[in-house]
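Have a look at the structure below, then the notes.
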Amino acid sequence: MQGIADELRSKGKRIGLVPTMGYLHQGHLSLVDEAKRHSDVVIMSIYVNPTQFGRGEDFDKYPRDLARDEEMASQKSVNYLFVPSDKEMYRDEHLAYVEVEKVSSLLEGEFRPGHFKGVASVVAKLFNIVKPHAAVFGQKDAQQAFIIKKMVEDLNFDVQIIVAPIVREPDGLAMSSRNVYLSPSQREQATVLYKSLRLAEKLVAGGEKDLVRSRAEMVKMITDSSDGKIDYVSFVDPKNFTKIESAKDLDEVQSLLAVRFGKTRLIDNMLLKTGKR
Ligand code: PAF
């Protein structure tokens with residue numbers, strides 16, 4: 001892969017990377033479209049990275065279907081698929097990791113300790129292997145996107161990070177490879193995530209500054225209309241990804257949530273414009 005990347009670069013081609021864990025859906029394909037807008041050659045990586053899964057998480061049963069992914073990627077005219085094995089990515093004694101402090105330990109980090117260390121490390125490896133000029137990540141993993149941007153900025157990676165909008169099902173559920181785990185009833189209930197974000201959007205746009213109150217309304221909506229177990233419903237300042245309880249003096253706030261339906265954990269988020277009151 002490094003040899004191919006060197007050759008492409010020597011021909012003056014701009015490389016766009018779309019890192020994925022496979023089991024592709026329309027959300028991933030929208031990242032390919034975005035990569036095409038910023039590059040001449042699109043390389044998609046498919047790798048279910050073990051170091052970003054905690055003990056007891058779904059690494060073993062994470063959905064995998066390489067033949068289907070290959071077909072979808074070829075229909076989308078992805079130029080190269082990079083599908084490394086665990087042995088190629090992690091030698092027997094792998095000791096070097098990348099950590100983005102502070103922001104990695106809140107929200108997702110509170111519930112998935114070590115997750116972002118695994119993500120940042122594998123993305124750094126992919127950047128060194130694929131040598132992209134630009135890399136595209138989905139806004140659905142907003143905290144991941146923030147952390148990768150921070151890593152790139154702080155460690156001077158020479159790559160442009162592009163964050164592409166969330167792609168939703170017609171009823172609002174954010175597309176995710178994990179949606180296949182949901183039973184029909186859970187799938188129906190899961191629409192409450194988007195509805196609760198829209199509720200927050202309406203409240204904040206209407207001039208509500210007290211985010212504790214908005215959060216309480218969201219939690220009420222989720223618990224009243226589903227069996228979902230909330231890991232967190234939270235607001236951050238999108239500029240620095242710190243938790244906030246007031247929207248005062250901010251033009252935008254970001255609402256993020258993680259809710260479990262049975263064993264399936266879903267995340268979603270929305271950037272909200274604040275209104276005057
Ligand atoms: O978002 C994902 O699919 C993964 O976290 C990533 C960025 C491919 C790293 O394994």
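Heavy-atom basis, side chains included; hydrogens, waters and symmetry copies ignored. Order of listing sets the numbers, starting from 1, for every ligand and every atom in it.
Each of the atoms 9 (C), 10 (O) of ligand 1 lies under 4.0 Å from some heavy atom of Val122. Near Gln144, meaning under 4.0 Å from one of its heavy atoms, ligand 1 places the atoms 1 (O), 2 (C), 4 (C), 5 (O), 7 (C). Within ligand 1, counting atoms from 1 as listed, the ones closer than 4.0 Å to a heavy atom of Pro19 are 8 (C). Listed by number with element, the atoms of ligand 1 under 4.0 Å from a non-hydrogen atom of Thr20 are 8 (C).
The residues Glu153 and Lys149 are annotated as not salt-bridged, no charged nitrogen and carboxylate oxygen being separated by less than 4.0 angstrom. Asp58 has no carboxylate O lying under 4.0 Å from a charged side-chain N of Lys263, or vice versa, which leaves the two without a salt bridge. Between Arg198 and Glu201 a salt bridge is recorded (basic side-chain N to carboxylate O distance below 4.0 Å). Here Glu110 pairs with Lys243 in a salt bridge; the nearest charged N to carboxylate O distance falls below 4.0 Å.
With a 4.0 Å cut-off on non-hydrogen atoms, Ile148 does not touch ligand 1 at all.
The aromatic rings of Tyr232 and Phe111 sit tilted, their planes meeting at an angle between 30° and 60°. By the 30° and 60° cut-offs, the orientation of the rings of Phe146 relative to Phe241 is tilted.
The closest heavy-atom contact to atom 10 (O) of ligand 1, among the options His115, Gln52, His28, comes from Gln52.
Protein heavy atom at the shortest distance from atom 3 (O) of ligand 1 is Met21 CG, 3.5 Å.
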